[in-house]
Amino acid sequence: MNLPNMLEAKKRENIDVKNVDYNDVKLDTTLIGKKFFVRTYGCQMNEHDGERIKGILSNQGMVETDVLEDASLVILNTCAIRENAHDKVFGFMGILKKLKEDKKDLLIGICGCMAQEESVIEEIMSKYKYVDFVFGTFNLDNMISVINDRIRTGKQNIDVLSSSGNICEGVPEVRDSKYTAWVDIILGCDKFCTYCIVPYTRGKQRSRKKEDIIKEVEELVSKGYKEVTLLGQNVNAYGKDLYSSYTLADLLRDVSKTGIPRIRFVTSHPWDFTDQMIDAISELDNVMPYVHLPIQSGSNRILKMMGRRYTREEYLTLYNKIRERVKGVSITTDIIVGFPGESREDFLETLDIVNTCKFDGAYTFIFSPREGTPASLFLDDVSMEEKNERLQELNNLVNKYSNLSNQREVKKIVKCLVLGKSEKDESKYMGYTENNKLVNIESDEDIIGKIVDVRIVEAKSFSLNGVYMK
Ligand code: 5AD
Ligand code: SF4
């Protein structure tokens, strides 16, 4: 048994970054041929971890199911970013408890970011005894041994490391899409924004070797993939821990040479965004004109308390530079309202910067105190009612600008990568423009998996309608 420790997770010294190869341990034979169900919450990195969990289990002879009742093994791949992510997981656990009452040999596992939290593990050990095993974000590649140990001992097995410098290459994956693929380039985060739990749950910032990344993209190209999204909590820090001068701008140039038709990258911290990066995005045809650039607040006072290391003026300078130099770029952001001590004036500064930037889209959140982070101890004198009102006010403004941004696409002919049938209307297709807008496309021929010209005919609040141009 290994239990998480937030104090250990905070340490950054003396962590040796080791590259290890995946060790293909054999799964207990009682599970072979049986079905598994995986549910993933949270960000794209976690989605990608979900693909690995599926890959590891499928490789060992288990079969994926999306019917919960059919599964012999259920894994919840959790997120810890805000309290509501927690609530969703604990809500689902109630369903699993009932299921297990009828199906005694059902195995239930928890992994992901919540597994890294001390308080969650304490709760699982005391209140959720029917959870069979837990592993964390640092030992996903050791999942089979964790499951085997649970089966062998018959006891709840909790195996969570608090920090690790390991980068495991060659983990099997079952990718959710045949056309777009996530590619991790940097794991962990060393920024320690005062509200954020990620530096504790995902550990030290550590870059994958450029050769490993390029090899992975080359393999994806040979399998017919059309798009890769380079992933990291802060991709702009790529290489800093590994090379003296090789950066994300260099990596983009090298990945571009693989010939993959589309390259995206998320998420960018404004602090590390260099001119070379902007050059690379604007010069390379297959790097898509889309930047997700979280601002978090428009108030310098709050930005300082958040530990963001830039001012609103610096953000604006960078923002304008990207807008000017990258043709047709769309820029989205993240904003938190109701940070401890946020006054009405601070909030008005956030509205003001939204009015200035006119973001193409924004993800907005109410501050959620995360145990163990500095901001969870800050005096918070803003009522929940006030926070909800601010969120509403902000959303109205953000929606106005995303609507305007969508309106500007109408009548244009744009390139879309078509990913499948439209979710809302089976007779249509869905795809994404180069600047990452969702389009529902009318077409009388199958265009899935292709990059096609689409004439935009209508703008909706969160999507566009278009017609395939033969
Ligand atoms: N409370 C609210 N929002 C948060 N985010 C991160 N931590 C918190 C928190 N404690 C938001 C930030 C980040 C996005 C992924 O989630 O805006 O950019
Ligand atoms: Fe959630 Fe952050 Fe973990 Fe992603 S890294 S799953 S957003 S807590």
Side-chain angles (χ1 to χ4, degrees), residues 4 6 9 38-53 76-89 110-117 120 136-138 140 160 182 184 186-205 229 231-236 266-271 291-298 302-303 305-308 310 315 331-340 342 350 354 359 361-378 380 382 384 387-388 390-391 394-395 398:
M6 285 288 260
V38 179
R39 175 162 291 183
T40 294
Y41 302 82
C43 63
Q44 293 99 328
M45 292 211 108
N46 226 32
E47 287 287 341
H48 191 26
D49 279 350
E51 295 180 332
R52 293 195 179 102
I53 294 168
L76 301 188
N77 183 24
T78 65
C79 169
I81 198 102
R82 283 172 293 274
E83 197 55 39
N84 57 3
H86 268 218
D87 295 346
K88 278 189 209 156
V89 170
I110 308 276
C111 64
C113 288
M114 271 173 73
Q116 295 296 140
E117 293 183 279
V120 169
T137 59
F138 300 109
L140 188 148
V160 181
W182 312 114
D184 284 343
I186 180 166
L187 314 178
C189 180
D190 288 350
K191 283 282 183 285
F192 286 100
C193 300
T194 58
Y195 51 81
C196 189
I197 195 147
V198 173
Y200 308 85
T201 61
R202 295 257 167 193
K204 180 185 157 70
Q205 184 172 293
T229 301
L231 285 182
Q233 300 302 337
N234 172 22
V235 286
N236 295 51
V266 279
T267 289
S268 295
H269 189 296
W271 176 250
V291 180
H292 184 60
L293 194 68
I295 183 164
Q296 312 297 3
S297 169
I302 297 295
L303 284 172
M305 283 169 73
M306 287 177 161
R308 290 292 288 176
Y310 55 81
Y315 182 93
I331 307 181
T332 56
T333 199
D334 289 342
I335 301 171
I336 298 176
V337 297
F339 191 77
E342 183 190 68
T350 296
V354 171
F359 293 106
Y363 301 92
T364 57
F365 314 101
I366 291 180
F367 169 74
S368 173
R370 310 315 300 135
E371 206 177 311
T373 63
S376 68
L377 304 173
F378 294 174
D380 189 357
V382 188
M384 206 43 180
K387 292 184 186 196
N388 275 311
R390 286 183 194 172
L391 183 69
L394 175 63
N395 283 345
V398 157

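The residues of the chain are indexed from 1 along the displayed sequence. Just follow the structure's listing: the first ligand is 1, and inside any ligand the first atom is 1.
- Residue-ligand proximity, I336 to ligand 1, at heavy-atom distances under 4.0 Å covers atoms 3 (N), 4 (C), 5 (N), 12 (C), 17 (O).
- Atoms of ligand 1 lying under 4.0 Å from any heavy atom of I366, numbered from 1 in the order shown and given with element: 1 (N), 2 (C).
- Contact record, P199 with C189: CB-O, 3.5 Å, taken as the closest heavy-atom pair.
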>> For V354 and F359: C-alpha separation, side-chain torsions, deciding distance, then whether side-chain contact (heavy atoms from CB on, under 4.5 Å) applies.
In response: CA-CA 7 Å; V354 171; F359 293 106; 4.3 Å; yes

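- Close contacts of ligand 1 with Q296, meaning ligand atoms under 4.0 Å from a residue heavy atom, involve 12 (C), 13 (C), 17 (O), 18 (O).
- Side chains of S268 and N236: a donor-acceptor N/O pair is present below 3.5 angstrom, by distance only.
- To the nearest 0.5 Å, atom CD1 of residue I186 and atom CZ of residue R202 are 13.5 Å apart.
- For atom 5 (S) of ligand 2, the closest non-hydrogen atom of the protein is Q233 NE2, 3.2 Å.
- Atoms of ligand 1 lying under 4.0 Å from at least one heavy atom of R370, given by number and element, are 10 (N).
- At a 3.5 angstrom cut-off on N or O pairs, Y195 counts as close to ligand 1.
- For ligand 1 and F367, the ligand atoms under 4.0 Å from any heavy atom of the residue are 1 (N), 2 (C).
- Close contacts of ligand 1 with R82, meaning ligand atoms under 4.0 Å from a residue heavy atom, involve 1 (N), 2 (C), 3 (N), 4 (C), 5 (N), 11 (C), 16 (O).
- For atom 18 (O) of ligand 1, the nearest protein heavy atom (residue, atom name, distance) is D334 OD2, 2.6 Å.
- A side chain to side chain contact (heavy atoms under 4.5 Å, CB included) with V198 is found for exactly one of R370, M45, Q233, namely Q233.
- Any protein N/O/S atom under 2.8 Å from atom 1 (Fe) of ligand 2 was counted, giving 1 altogether.
- Between Y315 and Y310, the ring planes lie tilted relative to each other; the angle falls in the 30° to 60° range.
- Exactly one of L140, I53, V89, I110 qualifies for a side chain to side chain contact (heavy atoms under 4.5 Å, CB included) with N77. That residue is I53.
- Note: R308 CZ to I336 CD1 = 8.0 Å, rounded to the nearest 0.5 Å.
- Atom CG of residue N84 and atom OH of residue Y41 lie 12.0 Å apart, to the nearest 0.5 angstrom.
- To the nearest 0.5 angstrom, F138 atom CZ is 9.5 Å from L187 atom CG.
- Atom 10 (N) of ligand 1 has its closest protein heavy atom at S368 O, 2.8 Å.
- Considering CD1 of I366 and CZ of R390, their distance stands at 10.5 Å, rounded to 0.5 Å.
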